[in-house]
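This report refers to the structure that appears directly beneath it.
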Amino acid sequence: MRIDILTLFPEMCERVFMESITGRAVKAGHIEINAHNIRDYSENKQRSTDDSPYGGGEGMLLTAEPVYLCYEALCGELNSSPHLIYMTPQGKPLKQKRVIELSKLPAIAILCGHYEGIDERVIDELSPEEISIGDFVVTGGELPALMLADAIARMCEGVLSSAEGFMKESHYEGLLEYPQYTRPAVWRGREAPAVLLSGHHANVEAWRREQSLIRTRERRPDLMELIC
């Protein structure tokens, strides 16, 4: 699996995806993640990539040509066109089901907007899949892109120690994850559930399933409607 991030801040992205589980997976060769500087494709001496929007308004927009050239160069490097995703609050909300689907592709490219967004003409030209990580706005697409890359990477073979590492987590099967406990058995007067200390695997699994249903019903009734 190869993930390429198109951004104005490649160093910011590199610092994150070379750490923790993702970083170990990259070093082990299970996945490949690269960051490409859109600014490298600016056609002026100042290497500027933004300009004021037509019609007025606050802020600046990323201009179309550097974005287009950056993606074009990536396609040339790969000798193919990776599936392109544009991180935007106007996109379709990200769900675990889509993360799983994306993890099965050989390569994806993630485009990070900045400032007030990107000239719409390059979006029309490249026709990326538009994804949102929630109904809120951040200063740039880098953090959402890294969240998406991390979510996809951990679905890839070899990144986690076993498939069980993600198959019982929140959202994988539509439910929220059950509560978890570790040592000590009693902490500040609060006891871990006795069933988890019983060693009876069938009872533990039944308890976890029940707790997942209870937690989902209480915290995310909208998910219960989809399951039912």
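Since the model is a prediction, treat every value here as computed from it, not as a measurement. Sequence positions, counted from 1, serve as the residue numbers for this chain.
Residue Glu32 qualifies as enclosed at atom CD: its count of foreign heavy atoms under 6.0 Å is above 12. Taking a 6.0 Å sphere around CD of Gln180, one finds it holds more than 12 heavy atoms contributed by other residues, nucleotides or ligands.
Of the possible polar contacts, none joining the Tyr68 side chain to the Leu126 backbone as a donor-acceptor pair under 3.5 Å is found. Ser132 places no side-chain N or O within 3.5 Å of a backbone atom of Pro93 that could act as its donor or acceptor partner. Without hydrogens or angle criteria, Ser212 side chain to Glu177 main chain gives no donor-acceptor distance under 3.5 Å. Remark: side-chain polar atoms of Ser103 are not paired, donor with acceptor, to backbone N or O of Cys156 under 3.5 angstrom. Although no hydrogens or angles enter the test, the distance criterion places no donor-acceptor pair under 3.5 Å between the side chain of Arg208 and the main chain of Tyr178.
The CG atom of Leu148 sits 5.0 Å away from the CE atom of Met87 when rounded to the nearest 0.5 Å. Taken from CD1 in Ile108 to CD1 in Ile85, the straight-line distance is 4.0 Å, to the nearest 0.5 Å. The distance from the OG1 atom of Thr49 to the CG atom of Asn44 is 8.5 Å, given to the nearest 0.5 Å. Taking CG of Leu176 as the start and CZ of Arg217 as the end, the distance is 11.5 Å to the nearest 0.5 Å. For the atom pair CH2 (Trp207) and CG (Leu196), the distance works out to 4.5 Å, reported to the nearest 0.5 Å. Put simply, NZ on Lys95 and CD1 on Ile100 are 13.5 Å apart, with the number rounded to the nearest 0.5 Å.
Connection of Leu213 to Val204 is not established within any shared hydrophobic cluster, with ILVMFWY side chains joined at heavy-atom distances below 4.5 Å, either directly or through further cluster members. Note on Met18 and Met12: separate hydrophobic clusters, where clusters join Ile, Leu, Val, Met, Phe, Trp and Tyr whose side-chain heavy atoms are under 4.5 Å apart, directly or indirectly. The cluster map of Ile, Leu, Val, Met, Phe, Trp and Tyr, joined by side-chain heavy atoms under 4.5 Å apart, puts Ile133 and Met155 in the same cluster. If you chain together hydrophobic residues whose side chains sit under 4.5 Å apart, Leu105 and Ile3 fall into the same group. No single ILVMFWY cluster, assembled from side-chain heavy atoms under 4.5 Å apart, contains both Ile33 and Leu143.
Closest heavy-atom contact between Cys13 and Ala35: CB-CB, 4.2 Å. Residue His36 comes nearest to Cys70 through the heavy atom pair CB-SG, 3.9 Å, listed as atom of the first residue, atom of the second, then distance. Taking both residues in full, the closest heavy atoms of Ala109 and Leu6 are given as CB-CD1, 4.2 Å, listed atom of the first, atom of the second, then distance. The heavy-atom pair separating Arg154 from Ala151 by the smallest distance is CG-O, 3.3 Å. For the residue pair Leu197 and Ala185, the shortest heavy atom distance occurs at CD2-CB, 3.8 Å. Ala145 and Ile5 make their closest contact through CB-CG2, 4.3 Å (heavy atoms, listed as atom of the first residue, atom of the second, distance).
The closest side-chain heavy-atom distance from Leu74 to Asn34 is not below 4.5 Å. Taking 4.5 Å as the limit, every side-chain heavy atom of Cys112 sits out of range of all side-chain heavy atoms of Leu8. Within the 4.5 Å cutoff, no side-chain heavy atoms of Asp4 are placed close to those of Pro82. With contacts defined as side-chain heavy-atom distances shorter than 4.5 Å, the pair Tyr71/Leu84 qualifies. For the pair Pro89 and Asp135, the minimum side-chain heavy-atom distance is 4.5 Å or more. Looking at Val26 and Ile31, their side chains come closer than 4.5 Å, going by heavy atoms from C-beta outward.
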inquiry  = Using the rule given for side-chain contact (heavy atoms from CB on, under 4.5 Å), can you reason through Arg47 versus Asp40, listing the C-alpha separation, both sets of side-chain angles and the distance that settles it, and then say yes or no?
reply    = CA-CA 7 Å; Arg47 298 180 74 218; Asp40 290 342; 2.5 Å; yes
message = Applying side-chain contact (heavy atoms from CB on, under 4.5 Å) to Leu175 and Arg209, what does each step give before you reach the verdict?
response = CA-CA 9 Å; Leu175 295 173; Arg209 176 69 179 178; 3.1 Å; yes
key: Ile38/His114 under side-chain contact (heavy atoms from CB on, under 4.5 Å): CA gap, chis, key distance, verdict   = CA-CA 11 Å; Ile38 296 172; His114 213 72; over 6 Å; no
request  = Give the C-alpha distance, both sets of side-chain angles, the deciding distance and a yes or no for side-chain contact (heavy atoms from CB on, under 4.5 Å) between Met1 and Ile152.
outcome  = CA-CA 9 Å; Met1 175 74 187; Ile152 292 172; 3.7 Å; yes
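For residues 74-91, the side chain to side chain donor-acceptor pair (under 3.5 Å) pairs, not counting sequence neighbours, are Arg2-Glu77, His83-Glu129. The side chain to side chain donor-acceptor pair (under 3.5 Å) analysis of residues 6-23, with sequence neighbours excluded, yields the pairs Thr7-Glu142, Thr22-Asp150.
In this structure, the side-chain contact (heavy atoms from CB on, under 4.5 Å) partners of Glu43, at least two apart in sequence or on a different chain, are Glu65, Leu69. A search for side chain to side chain donor-acceptor pair (under 3.5 Å) contacts involving Thr63 returns nothing, not counting sequence neighbours. With sequence neighbours left out, the side chain to side chain donor-acceptor pair (under 3.5 Å) criterion links Asp51 to no other residue. Residues meeting the salt bridge (Lys or Arg N to Asp or Glu O under 4.0 Å) test with Arg121, sequence neighbours left out: Asp119.
Between Glu101 and Lys97, at least one side-chain N (NZ, or NE/NH1/NH2) sits under 4.0 Å from a carboxylate O, which counts as a salt bridge.
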